[in-house]
Chemist: 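Shown below is the structure under consideration.
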Amino acid sequence: MEFIYKENDTPESFPLLKRTWAEIDLDAVEHNFRVLKERAGGARFLAVVKADAYGHGAVHVAKLMQELSADYLAVSNLEEAIEIRRADVSLPILILGHTPEEYVPHLIRWNVTQAVSNRAKGLAYSEAVQAYRAETGDADAVLKVHIKLDTGMTRVGFLCAGDMTESAVASIAEVCSLPGIDAEGIFTHFSVSDEPDDPDNVRYTEAQLALFTEMTERLAAAGCTFRIRHCANSGAVVNFTEATRFDMVRPGILLYGCGDGAAELGLKPAMRLMTTVSVIRYPGEGASISYGRMYTLKKKSRVGVLPIGYADGLLRALSNRAVFYSAAGPVRQIGRICMDMCMVDLDYMPDVDIGSEIEIFGPENPVDGLARTAGTIPYELLCAVNKRVPRIFLRGGRVIGSEHRMFL
Ligand SMILES: *Cc1c(COP(=O)(O)O)cnc(C)c1O
């Protein structure tokens with residue numbers, strides 16, 4: 001397949017270094033959004049774009065979400081939120097992770113919503129808003145927050161199981177009534193919603209869900225209602241669709257067309273990580289390939305060198321085990337993966353020549369499979385794609401943007 005951007009000589013796309021690169025298919029993201037939106041019923045849609053949209057480029061994905069009328073974005077931290085705001089995206093943005101209270105003025109000025117995971121943070125944020133009011137004379141300044149409940153993930157959030165329910169309700173009600181705090185939402189996160197094959201895990205998710213529901217009801221009885229209740233990560237969207245919708249769904253990996261259930265839902269992988277064959281050589285019988293001598297040739301062989309290594313995000317743990325994809329079929333990686341390159345076995349593959357394109361992962365070679373080989377999850381392989389790998393953004397088969405460091 002020929003890629004349009006080869007012919008496209010716009011200043012944006014032309015100076016790309018065709019060494020190793022990632023094509024981001026925004027049409028696939030749009031398709032995935034529409035399928036997931038349908039699955040959300042009437043619920044609002046929060047697109048998780050943390051970690052540079054799982055490596056796909058948060059600015060482009062956020063702009064697309066705005067164009068498609070998504071309702072909310074979520075990021076991990078303030079820097080990620082500001083990057084999106086600076087690109088003129090006005091959708092509400094929720095910071096899922098930690099923001100120290102001294103940054104509250106920035107949260108307010110950039111109109112960013114903050115998760116609050118315990119009483120002490122709620123108090124500190126309220127204090128900071130009051131200080132901001134005094135300093136700026138803006139008496140109406142408020143910090144929008146979403147209360148984070150820990151229903152069983154045991155990471156962050158108000159602990160609320162068992163004998164902690166009462167105190168959690170009291171603490172949350174207190175935080176919601178603090179000056180300068182607008183408690184718009186409440187949410188929780190599932191720890192095993194993506195593992196429906198184990199009945200124990202299904203029961204666990206159901207218990208988390210029941211506790212979330214109970215907490216929202218108890219809080220309502222205590223006079224605390226929230227405009228947006230949400231808990232459905234990708235696993236819940238696939239496996240607990242209706243029960244976990246509430247007011248908004250919150251998928252990440254599915255939006256990028258990966259993860260368990262993506263194929264069944266007809267979602268399309270959005271990232272295609274590409275490289276080319278840079279060198280072909282014919283080492284003799286007994287030659288050991290790369291560091292550590294993990295692979296020894298049984299006979300004189302045709303060996304290709306790919307200019308991609310662990311510094312590009314190709315995990316070293318995949319050494320001697322990965323299979324990539326070429327137009328002529330699967331290509332086996334041999335020997336240790338180095339920082340900037342790795343070797344492949346091209347014996348009996350005469351059609352794969354110098355300059356041939358190789359898909360590391362993407363529509364032809366799903367990242368989920370490669371992740372299994374590495375003993376990890378697709379999230380990690382997507383996030384691992386280093387910033388030195390240029391991103392090319394495609395829409396309607398055309399390049400509409402790029403992120404790279406090549407300035408000729
Ligand atoms: C990352 C994250 C998500 C998205 O998870 P996926 O499994 O990618 O759908 C949702 N909610 C929270 C709190 C997260 O941290």
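Each ligand, and each atom within it, is numbered from 1 in the order the structure gives. Bear in mind the structure is a predicted one, so any value in this text is a computation, not a measurement. All values below were derived from every heavy atom in this structure, side-chain atoms included, with hydrogens, water molecules and symmetry-related copies excluded.
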Chemist: Quick one: pull up CZ in Arg336 and SG in Cys342 and give me the separation to the nearest 0.5 Å.
Modeler: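 Those atoms lie 13.5 Å apart.
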
Chemist: Using a strict 4.0 Å threshold on nitrogen-to-oxygen distance, state whether Asp340 and Arg388 make a salt bridge.
Modeler: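 Looking at Asp340 and Arg388, the cut-off is met.
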
Chemist: With a 6.0 Å cut-off (strictly less than), is the heavy-atom count around CE of Met248, excluding the residue itself, greater than 12?
Modeler: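 Above 12, so yes.
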
Chemist: What are the atoms of ligand 1, with element, lying closer than 4.0 Å to any heavy atom of Ile253?
Modeler: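 Listed by number with element: 6 (P), 8 (O), 9 (O).
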
Chemist: Which class fits the ring pair Phe246 and Phe212: parallel under 30°, tilted 30 to 60°, perpendicular over 60°?
Modeler: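 Plane angle over 60°, so perpendicular.
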
Chemist: Considering only the protein, which heavy-atom contact is closest to atom 11 (N) of ligand 1, and what is its distance?
Modeler: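 Here the nearest protein heavy atom works out to Arg250 NE, 2.8 Å.
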
Chemist: What is the closest protein heavy atom to atom 9 (O) of ligand 1, and at what distance does it sit?
Modeler: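 Closest protein heavy atom to atom 9 (O) of ligand 1: Ser234 OG, 2.5 Å.
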
Chemist: Ion pair present between Arg119 and Glu174, side-chain N to carboxylate O less than 4.0 angstrom?
Modeler: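 Between Glu174 and Arg119 there is a salt bridge, with a charged N closer than 4.0 Å to a carboxylate O.
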
Chemist: Can you tell me if Pro251 has a non-hydrogen atom under 4.0 Å from ligand 1?
Modeler: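 Flag set, Pro251 near ligand 1.
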
Chemist: I'd like the name of whichever of Tyr54, Tyr379, Phe190 reaches closest to atom 4 (C) of ligand 1 through any heavy atom.
Modeler: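 Answer by nearest heavy atom: Tyr54.
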
Chemist: Does the pair Glu403/Lys387 count as a salt bridge with the N-to-O cut at 4.0 Å?
Modeler: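 Looking at Glu403 and Lys387, the cut-off is not met.
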
Chemist: May I ask which of Arg155, Met153, Lys50 has a heavy atom nearer to atom 3 (C) of ligand 1 than the others do?
Modeler: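 Closest candidate by heavy-atom distance is Lys50.
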
Chemist: Answer yes or no: does an N/O atom from Phe187 fall short of 3.5 Å to an N/O atom of ligand 1?
Modeler: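 So ligand 1 has no N or O lying under 3.5 Å from an N or O of Phe187.
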
